[in-house]
Amino acid sequence: MYQPKEKDLYNIALKVLLRDSEKLLITHDIFKEWDLPGGRILPEEFQTDVMEIIKRKIGEELGTDIKYEVGEPKAFFRVERTEVDGRIARIFAIGYEAKYLGGEIKLGDHHDRMEWVEAKTFPADQYFTGGWLKGVQEYQKKS
């Protein structure tokens with residue numbers, strides 16, 4: 001029987017697949033990578049309702065004027081990335097589909113641009129890599 005020497009630590013993130021009809025919102029971050037709105041659950045949010053965490057992240061990344069309706073999880077992401085301090089972070093993210101209802105989008109400090117792309121057909125491999133790419137492609141197959 002397999003016995004790991006040490007258990008690994010994972011970050012949990014909540015991502016939002018924000019749709020305006022057939023369009024999907026993707027954002028570009030200050031680390032020069034394409035992204036989806038949302039992010040990691042903070043340690044103090046461990047017992048917080050998932051929708052409250054999504055609300056916080058949307059407010060930080062897209063502004064508080066945006067109106068949306070969150071639906072069901074539609075994609076799962078398994079990502080390894082090198083953090084600013086050089087350590088490797090493993091992230092498991094759940095992608096919730098959401099319907100854009102209106103309001104002005106105002107990008108937060110960690111994003112420098114956004115694009116509305118054709119959800120089903122945009123070339124995800126020209127924007128995303130690794131686990132983010134696999135998750136977006138999984139979503140495209142289900143859309």
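One finds no salt bridge joining Lys134 and Glu138 here, because no Lys/Arg side-chain nitrogen approaches an Asp/Glu carboxylate oxygen to under 4.0 Å. The pair Glu33-Arg81 fails the salt-bridge criterion, with no side-chain N (NZ, NE, NH1 or NH2) lying under 4.0 Å from an Asp/Glu carboxylate O. Checked for salt-bridge contact, Lys32 and Asp112 miss the test: no charged N lies under 4.0 Å from a carboxylate O. Ionic pairing of Arg56 and Glu52 is not present here: no N-O contact between side-chain nitrogen and carboxylate oxygen is shorter than 4.0 angstrom.
Annotation: the span from Lys67 atom NZ to Thr64 atom OG1 amounts to 8.0 Å, rounded to 0.5 Å. In this structure, Ile53 CD1 and Thr48 OG1 are separated by 5.0 Å, a value rounded to the nearest 0.5 Å. A distance of 4.0 Å separates CZ of Arg40 from CD1 of Ile91, quoted to the nearest 0.5 Å. Residue Thr27 holds its OG1 atom at 7.5 Å from CH2 of Trp34, rounded to the nearest 0.5 Å. Rounded to the nearest 0.5 Å, atoms CD (Gln126) and CG (Leu133) are 11.0 Å apart. Atoms CG and CG, from Leu18 and Leu101 in turn, are 8.5 Å apart once rounded to the nearest 0.5 Å.
Applying the 6.0 Å contact sphere to NZ of Lys141 captures no more than 12 heavy atoms from other residues, nucleotides or ligands. Within 6.0 Å of the CG atom in Asp109, the count of heavy atoms belonging to other residues, nucleotides or ligands does not exceed 12.
Placement of Phe128 and Val117 within a single hydrophobic cluster is found when ILVMFWY residues are connected by side-chain heavy-atom separations under 4.5 Å, directly or transitively. Residues Leu14 and Leu25 share a hydrophobic cluster, clusters being chains of Ile/Leu/Val/Met/Phe/Trp/Tyr side chains in contact below 4.5 Å. In the hydrophobic clustering of ILVMFWY residues, with side-chain heavy atoms under 4.5 Å counting as a link, Met114 and Tyr127 come out apart. The cluster map of Ile, Leu, Val, Met, Phe, Trp and Tyr, joined by side-chain heavy atoms under 4.5 Å apart, puts Phe76 and Val136 in different clusters. Taken together through direct or relayed side-chain contacts under 4.5 Å among Ile, Leu, Val, Met, Phe, Trp and Tyr, Ile12 and Ile58 form part of one hydrophobic cluster.
Residues Glu97 and Glu72 fail the side-chain proximity criterion, which asks for heavy atoms closer than 4.5 Å. In this structure, Val50 and Tyr96 have side chains that are in contact, with non-hydrogen atoms separated by less than 4.5 Å. Inter-residue side-chain proximity for Arg90 and Asp8 is flagged as met; some heavy-atom pair is nearer than 4.5 Å. The closest side-chain heavy-atom distance from Tyr68 to Arg19 is not below 4.5 Å. At least one side-chain heavy atom of Ile54 sits less than 4.5 Å from a side-chain heavy atom of Val16. Using a 4.5 Å heavy-atom cutoff, the side chains of Ile26 and Asp35 are not in contact.
Pairing each heavy atom of Leu36 with each of Glu61, the nearest pair is O-OE1, 4.1 Å. Heavy-atom minimum distance, Leu17 versus Ala75: CD1-CB, 4.2 Å. In terms of heavy atoms, Leu107 sits closest to Leu62 at CD2-CD2, 3.9 Å. Between Ala124 and Gln137, the shortest heavy-atom distance links the atoms CB-CG, 4.3 Å. Scanning all heavy atoms of the two residues, the minimum distance from Ile94 to Pro73 falls at CG2-CB, 3.7 Å. Nearest heavy atom pair, residue Asp65 against residue Glu104, reads CB-O, 3.7 Å.
A donor-acceptor pair under 3.5 Å links the side-chain atoms of Gln140 to the main chain of Ala119, judged by distance alone. In this structure, the side chain of Glu115 does not engage the main chain of His28 through any donor-acceptor pair within 3.5 Å.
Trp116 and Tyr100 have tilted rings, their planes meeting at an angle from 30° to 60° on a 0 to 90° scale.
Aromatic rings of Trp132 and Phe77 (six-membered ring for Trp) have centroids within the 6.0 Å cut-off, being under it.
Donor-acceptor pairing under 3.5 Å is lacking for the side chains of Asp29 and His110.
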